[in-house]
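Encoded as structure tokens, the structure appears first; notes follow it.
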Amino acid sequence: MDLLLAAVLGGVFGSFANVCIYRLPKNRNISKGRSFCPKCKKKIKWSDNIPIFSFIFLNGKCRKCKKDISFKYFLVEIISVFCFFGIYYLFGFSIDSLLFIILYCFLVIVFFIDLKHFIIPNELTFPLMIIGFLKSLDPNLNKLIFPNFLNSIIGGVLGYFLIWLIIFVYKKIRNKEGMGLGDAKLLSASFSKYENLVLIKFFPKKV
Ligand SMILES: [Zn+2]
């Protein structure tokens with residue numbers, strides 16, 4: 001039952017992730033405005049916007065204009081369902097699960113935005129970095145999986161420096177940009193690892 005709920009949450013998040021992937025690079029508000037078909041701009045009814053199922057029922061086509069809905073939306077939802085399910089299966093109802101879910105949520109959005117637009121918005125890397133550093137202040141942190149504060153800082157700085165160095169060398173040799181500083185910030189965030197802001201918000205007693 002819990003696992004089913006985790007999978008459903010994954011689908012719901014996947015749907016939200018699609019909104020972020022579509023709107024963040026365009027600097028549009030992710031919380032306001034209903035979803036619409038990118039082809040015909042018509043609003044999508046809630047019943048046609050159910051994660052995974054709607055795509056299957058509509059046969060991957062918009063109800064209004066009959067044009068193909070990008071398979072990417074479906075893919076993001078499916079991956080999210082499996083990841084939420086898998087993380088919950090492995091770590092159960094725990095802080096570890098929450099940390100991994102948060103990391104996954106950021107990474108999946110980053111991946112698909114970067115894939116299409118070759119950018120990684122600061123709106124995604126900065127919170128992830130802050131979360132990464134702050135989470136190590138949690139005294140109950142699982143030290144087997146997550147680095148402590150010092151390692152977190154070292155990892156963060158090292159991650160940023162590594163990508164910065166690659167960019168610098170690549171620029172010297174090829175005279176063009178191979179990667180952006182967004183990549184540096186992302187690796188920095190990944191090295192330092194996620195979360196704790198959310199912990200303070202949702203589990204004030206634990207922190
Ligand atoms: Zn349409």
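We count ligands from 1, going down the list as the structure has it; atoms in each ligand are counted the same way.
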Taking only distance into account, with no hydrogens and no angle test, what donor-acceptor pairs under 3.5 Å do side-chain atoms of residues 51-68 form with protein atoms, sequence neighbours excluded?
{"unit_1": "S54", "atom_1": "OG", "unit_2": "S47", "atom_2": "O", "d": "3.3"}
{"unit_1": "S54", "atom_1": "OG", "unit_2": "D48", "atom_2": "O", "d": "3.4"}
{"unit_1": "S54", "atom_1": "OG", "unit_2": "N49", "atom_2": "N", "d": "3.4"}
{"unit_1": "S54", "atom_1": "OG", "unit_2": "I50", "atom_2": "N", "d": "2.8"}
{"unit_1": "S54", "atom_1": "OG", "unit_2": "I50", "atom_2": "O", "d": "3.2"}
{"unit_1": "K61", "atom_1": "NZ", "unit_2": "D68", "atom_2": "OD1", "d": "3.0"}
{"unit_1": "R63", "atom_1": "NE", "unit_2": "D48", "atom_2": "OD1", "d": "3.4"}
{"unit_1": "R63", "atom_1": "NE", "unit_2": "D48", "atom_2": "OD2", "d": "2.6"}
{"unit_1": "R63", "atom_1": "NH2", "unit_2": "D48", "atom_2": "OD1", "d": "2.8"}
{"unit_1": "K64", "atom_1": "NZ", "unit_2": "K43", "atom_2": "O", "d": "3.3"}
{"unit_1": "K66", "atom_1": "NZ", "unit_2": "R63", "atom_2": "O", "d": "3.2"}

Show which side-chain atoms of residues 104-112 pair as donor or acceptor with protein atoms under 3.5 Å away, not counting sequence neighbours.
{"unit_1": "Y104", "atom_1": "OH", "unit_2": "S80", "atom_2": "N", "d": "3.2"}
{"unit_1": "Y104", "atom_1": "OH", "unit_2": "S80", "atom_2": "OG", "d": "2.7"}

Please report, to 0.1 Å, the donor-acceptor pairs under 3.5 Å made by any side chain of residues 120-134, with sequence neighbours excluded.
{"unit_1": "N122", "atom_1": "OD1", "unit_2": "K185", "atom_2": "NZ", "d": "2.9"}

Count the heavy atoms of every other residue, nucleotide or ligand shown that sit under 6.0 Å from NZ of K32, and state whether that count exceeds 12. no
List nothing but the number: protein N/O/S atoms under 2.8 Å from the Zn ion (ligand 1). 4
So among F91, Y88, F84, F13, which one has a side chain to side chain contact (heavy atoms under 4.5 Å, CB included) with I101? F84
Aromatic contact, F71 with F74 (centres under 6.0 Å): yes
